[in-house]
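Worksheet: the structure to be examined is printed underneath.
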Amino acid sequence: MSFSTVSNLGSRVDVTRFRGKSAAEVVQSSSGKWRFGANLNCRESLPCRRRKNLMCKSELVDFDERTSPHEIAKLLDCTSWTGAGPGLMDAATKGALQAGKPVGGFKIGKEAGEWTASNFHSYLPTETYLTCRFFSARKHGLVDAAVRNKGTDRTAVVALPGGIGTLDEMFEILALIQLQRIGSELPVPFIVMNYDSFYKNLLEFLDDCEYWGTVSRGEVASLWKVCENNSEALAYLAGFYHLSPLD
């Protein structure tokens with residue numbers, strides 16, 4: 001799941017209280033650079049589709065400008081919470097660590113893809129993340145980390161390109177914001193990173209929902225911010241919290 005929540009130091013999610021239980025965990029690791037698409041692996045036996053938007057693993061090139069978890073952690077001076085899994089979740093973890101900021105994680109035991117041999121993360125100390133059996137526990141932890149308890153708290157929800165699990169998390173949080181279960185008193189910025197028009201079809205579907213009247217016109221757009229690149233996301237967060245943009 002390519003999902004990330006960033007919250008102030010001292011978030012209400014208390015990892016220590018879950019120690020020894022099958023619920024979740026927090027993180028610490030070496031730094032590293034990544035880029036979008038790093039784990040969008042195409043099967044070598046199949047041709048790459050949408051080649052202008054996504055790249056096969058063998059076609060990857062460096063995208064130093066796509067270190068948004070690194071930059072957001074610095075901008076908001078916050079803890080970065082992710083699903084503690086591979087791919088862009090790993091990118092967010094490593095980016096925050098590279099920025100010298102703390103991280104937390106809610107890992108699913110034997111998650112699809114990499115790191116399936118055991119319930120343990122491949123390099124993070126076990127005391128820094130929680131391992132969940134069910135996705136509902138992960139989502140609860142991420143939502144809890146996003147909630148602002150006071151005006152000085154700076155949190156944000158960032159949805160990176162992902163699959164079914166990411167969509168599940170995106171729409172649950174979208175519904176919670178819509179129903180004023182999150183951000184009713186202290187708004188929480190919700191950013192969708194539409195790198196290379198990754199979510200183009202999804203956004204068109206939501207436009208169709210407006211056409212058919214299943215959602216009100218402009219309703220979804222008012223609940224989140226769709227950003228095409230890191231600079232746009234950082235500028236939005238800086239404006240939201242009245243912060244000076246990063247150099």
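None of these values were measured; they are calculated from a predicted model. In what follows, residues are counted from 1 in the order of the sequence shown.
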Evaluate D153 against Y241 for side-chain hydrogen bond (donor to acceptor under 3.5 Å, both in side chains), listing each step before the verdict. CA-CA 10 Å; D153 285 347; Y241 285 115; over 6 Å; no
Mark yes or no for whether R138, through its side chain, and G141, through its backbone, hold a donor-acceptor pair below 3.5 Å.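 No: the side chain of R138 does not pair with the backbone of G141.
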Using only atom types and a distance under 3.5 Å, with no angle test, would you say the side chain of N229 pairs donor to acceptor with the backbone of S231?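 A pair under 3.5 Å: yes.
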For the pair V192 and L160, evaluate side-chain contact (heavy atoms from CB on, under 4.5 Å) and give the outcome as yes or no after the intermediate values. CA-CA 6 Å; V192 178; L160 300 168; over 6 Å; no
Considering residues at least two apart in sequence or located in another chain, which fulfil the salt bridge (charged side-chain N to carboxylate O under 4.0 Å, His left out) criterion with E185?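 Here no residue qualifies.
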Could you work out, with salt bridge (charged side-chain N to carboxylate O under 4.0 Å, His left out) as the rule, every residue matching E232, not counting sequence neighbours?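 Salt bridge (charged side-chain N to carboxylate O under 4.0 Å, His left out) list for E232, sorted by chain: K225.
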Any side-chain heavy atom of [X] sitting closer than 4.5 Å to one from [Y]?
| X | Y | answer |
| --- | --- | --- |
| K101 | L97 | no |
| P189 | W224 | no |
| V147 | T155 | no |
| V143 | I173 | yes |
| H140 | C132 | no |
| L142 | V157 | no |
| F190 | L223 | no |
| L237 | R154 | no |

Closest heavy-atom pair and its distance - [X], [Y]:
| X | Y | result |
| --- | --- | --- |
| T166 | Y199 | CG2-OH, 3.6 Å |
| V188 | A156 | CG1-CA, 4.3 Å |
| E228 | Y195 | O-CD2, 3.9 Å |
| T93 | V103 | O-CG1, 3.8 Å |
| L75 | A238 | CD2-N, 4.0 Å |
| A159 | M170 | CB-CG, 3.6 Å |

Can you list every salt bridge (Lys or Arg N to Asp or Glu O under 4.0 Å) pair that touches residues 170-183, not counting sequence neighbours?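 Every salt bridge (Lys or Arg N to Asp or Glu O under 4.0 Å) pair that includes a residue of residues 170-183, provided the two are not neighbours, is K139-E172.
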Whether over 12 other heavy atoms sit under 6.0 Å from E204 CD: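 Buried by this count: over 12 neighbours within 6.0 Å.
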Within one Ile-Leu-Val-Met-Phe-Trp-Tyr cluster: [X] and [Y], side-chain cutoff 4.5 Å:
| X | Y | answer |
| --- | --- | --- |
| V220 | F171 | yes |
| L186 | F240 | no |
| Y211 | F205 | no |

Can you tell me how far the OG atom of S216 sits from the CD atom of Q178, to the nearest 0.5 Å?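 Atom-to-atom, S216:OG and Q178:CD are 8.5 Å apart.
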